Amino acid sequence: MRWTKYFLPTSKEPPKDAEIVSHKLMSRAGMIDKISSGVYTYFPFGYRALKKVERIVREEMDRTGAVEFLMPALQPASLWKESGRLDEMGEEMIRFTDRHKRLMLFGPTHEEIVTDTVRKNINSWKQLPITLYQIQTKFRDEMRPRFGVVRAREFLMKDAYSFDRDEKGLEESYQKMRVAYTRIFKRCGLDCSIQQADSGVIGGKFSEEFVAKGECPELEVGHIFKLGTKYSESMKTFFIDSSGKEAPAVMGCYGIGVSRIVPAIIEGNNDDRGIVWPLSVAPFSVLLVPVNLENAAISGVGEKLYGALIDNGIDALYDDRDISAGMKFSDGDLIGIPLWAVIGKKFTEKGKIEIKIRKENRFVEVGVENATDWIIDYINKEKRCTTL
RNA sequence: CGGGGCGUAGCGCAGUCCGGUUUAGCGCGCAUGGUUUGGGACCAUGAGGUCCUCGGUUCAAAUCCGAGCGCCCCGACCA
C-alpha cells in the first residue's frame, strides 16, 4: 500500500477524552474515530489490525473442530421471553418495536438464537457433540462506555456454543476451548491470566475469564461458561439418547471480545513514541521509508523494493509522501509497524538499506539486493515462534 | 442511574466571572509560493466560525437567565 493512496490520518495530539494509552494511540494512529458515545468507526489501519486478530481467532476455533456460521444481530424478543431473560437483561439490551408492533432487539449475546437453531435441527445423540461459533457485531447499551473501543456499545465478538450429550462431554468441549483461548491470546501477544468468575446474566454453574495485563482496569478479553442445561431445559432442546430416552443438551458458551483484544495488545506493546505491534497482528509487516523522494536514486530503489516485497506477498506500507524525514520517522514510530526498511544516508553512502526492528530499536544494514530476502527470513522466523 | 464538569475553525484551547476596541483570537493542521530534507523544519501569503440548539433579558449576548441536546469524569453496574 502506498501511503499517499491510503487513508491513514495521524495526529500529534490525542483527543481530550482519551485516558488510557491504547485509546490515545488508536486515535493518534488513525485507527478509530468516535461517532457517538461508545460507537466507533474503524479506519483502514485499525480495521486491518482487527482483521488480523479475527483471523487468529478463526484459525484456532477451526482447529478445535468448531463450525463457523452467522446468526442475525436482529432478534425477536419472543425467544428471550421463552428463556426468561427478557426481563433479566434490562436496559442494557437495545429494544424497539417494529412496524407490526412486534418487540425486537439488537443481540447483546446469542444463546437464545443458537439454542433455537439446535432444537430445530438436532434430535439424535448421533449428531452431538457440536460446537458452533460466529464472529459478529454485538450491541449493549452500556451505562457508561469508556476507554475507546474497550467498553463500547457496539463491538465485535466471537461467540461459540457447545452442545453435548452429557456433563462429561461438556467438560471435554470446555477444555478444548480453554486451550484454544490460551493459544489465541498468546498468538496475539497478550499476557493473560485465567480467573474464576461470576456467571452473571449468562448463567450456568461455572465460568472463567481471561484477563489481559496492562494499566487498563477493564478487558477481560474472554469468558468461558459451563451452562449446563439452563437454556436447553427452558427452551426445550432435547435429543434422543442412545437408550431411546429424551435428554436435554448440555451446553457451554465461550466469548471473546475481538475488538477488545486490539486495545489490550496496544496496552502491553507500546513505548513513549507509539505502538509496537507484535508481527502476528500488525496491520502491515513492513514500512518502507525513502528518506528523500527527490533523490532519484532513493525513490528508484524505493519503488523497486516495494515491488519486490509485494510480489513476495509481504504486506508493506510504502511511505511515498513528500515530507521531511523526521515526520516519516515520527509517524512510523507512532503506527508501530514491526519492520522498517529505510532508504537514505546509508544508501547514498554505501548502497545499504537500514532495516529497523521496531521492538528492539535496532538497525541492521543490508545490501539492497539482499533486503527482500532478509525481510522474508525474519518474518518466517517470527511466525514460527508465534504459531506454537 | 446518582454526583460533578464541559460544549467557541478539522483537532487542542483562550475569551464567558464583570455584556459594548473583538473585524471572535491563539497553537497545531490545511492551501499556495519559496528555502529545506536522518527525528514532527523555516519564511511569506491565504482559506476556514449556526461561538451546541431553542427561547428570554437588554439599546447591545460567545458572555446574563431558562429549557433542551450532546460529550466527558467519579461512583454504582458490567456475559
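Numbers restart at 1 for each chain; the letters A, B, ... are given by sequence-line order, proteins then strands. Remember, it's a predicted structure, so these values are computed and weren't measured experimentally.
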Roughly how many Å is it from [atom1] in [X] to [atom2] in [N], rounded to a whole number?
X	N	atom1	atom2	answer
A/I298	B/U37	CD1	C1'	10 Å
A/I323	B/G38	CD1	P	13 Å
A/K350	B/G38	NZ	C1'	14 Å
A/L219	B/C78	CG	C1'	13 Å
A/R151	B/C78	CZ	P	10 Å
A/E294	B/A41	CD	C1'	14 Å
A/N292	B/U37	CG	C1'	5 Å
A/I353	B/G38	CD1	C1'	14 Å

May I ask you to say what [X] touches in the nucleic acid, namely base, sugar-phosphate or nothing, with a heavy-atom cut-off under 4.0 Å?
X	answer
A/G200	sugar-phosphate
A/S207	nothing
A/K328	nothing
A/T109	nothing

When you compare [N] with [M], how far apart are their [atom1] atoms, in angstrom units rounded to a whole number?
N	M	atom1	answer
B/C28	B/A47	C1'	16 Å
B/U63	B/A67	P	16 Å
B/C59	B/U53	C1'	26 Å
B/C43	B/U50	C1'	36 Å
B/A60	B/G19	C1'	8 Å
B/G66	B/A9	P	25 Å
B/C30	B/G75	P	39 Å
B/A24	B/C13	C1'	14 Å

Hey, is the side chain of [X] pairing donor to acceptor with the base of [N] inside 3.5 Å?
X	N	value
A/D331	B/G40	yes
A/R28	B/G12	no
A/E354	B/G38	yes

State which of [options] makes the closest approach to the side chain of [X].
X	options	answer
A/S37	B/G40, B/C71, B/G38	B/C71
A/E142	B/G12, B/C78, B/C73	B/C78
A/D17	B/C72, B/G29, B/G38	B/C72
A/R146	B/C73, B/C72, B/G38	B/C73
A/E19	B/C71, B/C77, B/C74	B/C74
A/V342	B/C71, B/G40, B/G38	B/G38

With a 3.5 Å limit on both atom pairs, tell me what [N] is paired to, counting Watson-Crick and G-U wobble, or say none.
N	value
B/U45	B/A31
B/C1	B/G75
B/C6	B/G70
B/A61	none
B/G12	B/C26

**Asked** With no hydrogens and no angle check, do the side chains of A/E267 and A/S22 hold a donor and an acceptor under 3.5 Å apart?
**Response** yes
**Asked** Would you say the side chains of A/D159 and A/Q134 form a donor-acceptor pair under 3.5 Å?
**Response** yes
**Prompt:** Should we say atom NZ of A/K176 is surrounded by more than 12 heavy atoms from elsewhere, each under 6.0 Å from it?
**Reply:** no
Would you say the rings of [Y] and [X] are close, in the sense that their centroids are separated by under 6.0 Å?
X	Y	value
A/Y6	A/F284	yes
A/F43	A/F7	yes
A/F96	A/F106	yes

Side-chain N,O ([X]) to OP1/OP2 ([N]) below 4.0 Å:
X	N	result
A/R144	B/C73	yes
A/K16	B/C11	no
A/S324	B/G40	no

**Message:** For the residue pair A/K34 and A/Y40, would you count it as a cation-pi contact if the rule is NZ or CZ under 6.0 angstrom from the ring centre and within 45 degrees of the ring axis?
**Reply:** no
**Toward the 5' end of RNA chain B, by each residue's nearest nucleotide, A/K345 or A/D198** = A/K345
**Message:** Between A/F155 and A/S11, which residue's closest nucleotide on RNA chain B lies nearer the 5′ terminus?
**Reply:** A/S11
**Asked** Among the clusters formed by ILVMFWY side chains lying less than 4.5 Å apart, do A/L288 and A/V291 turn up in the same one?
**Response** no
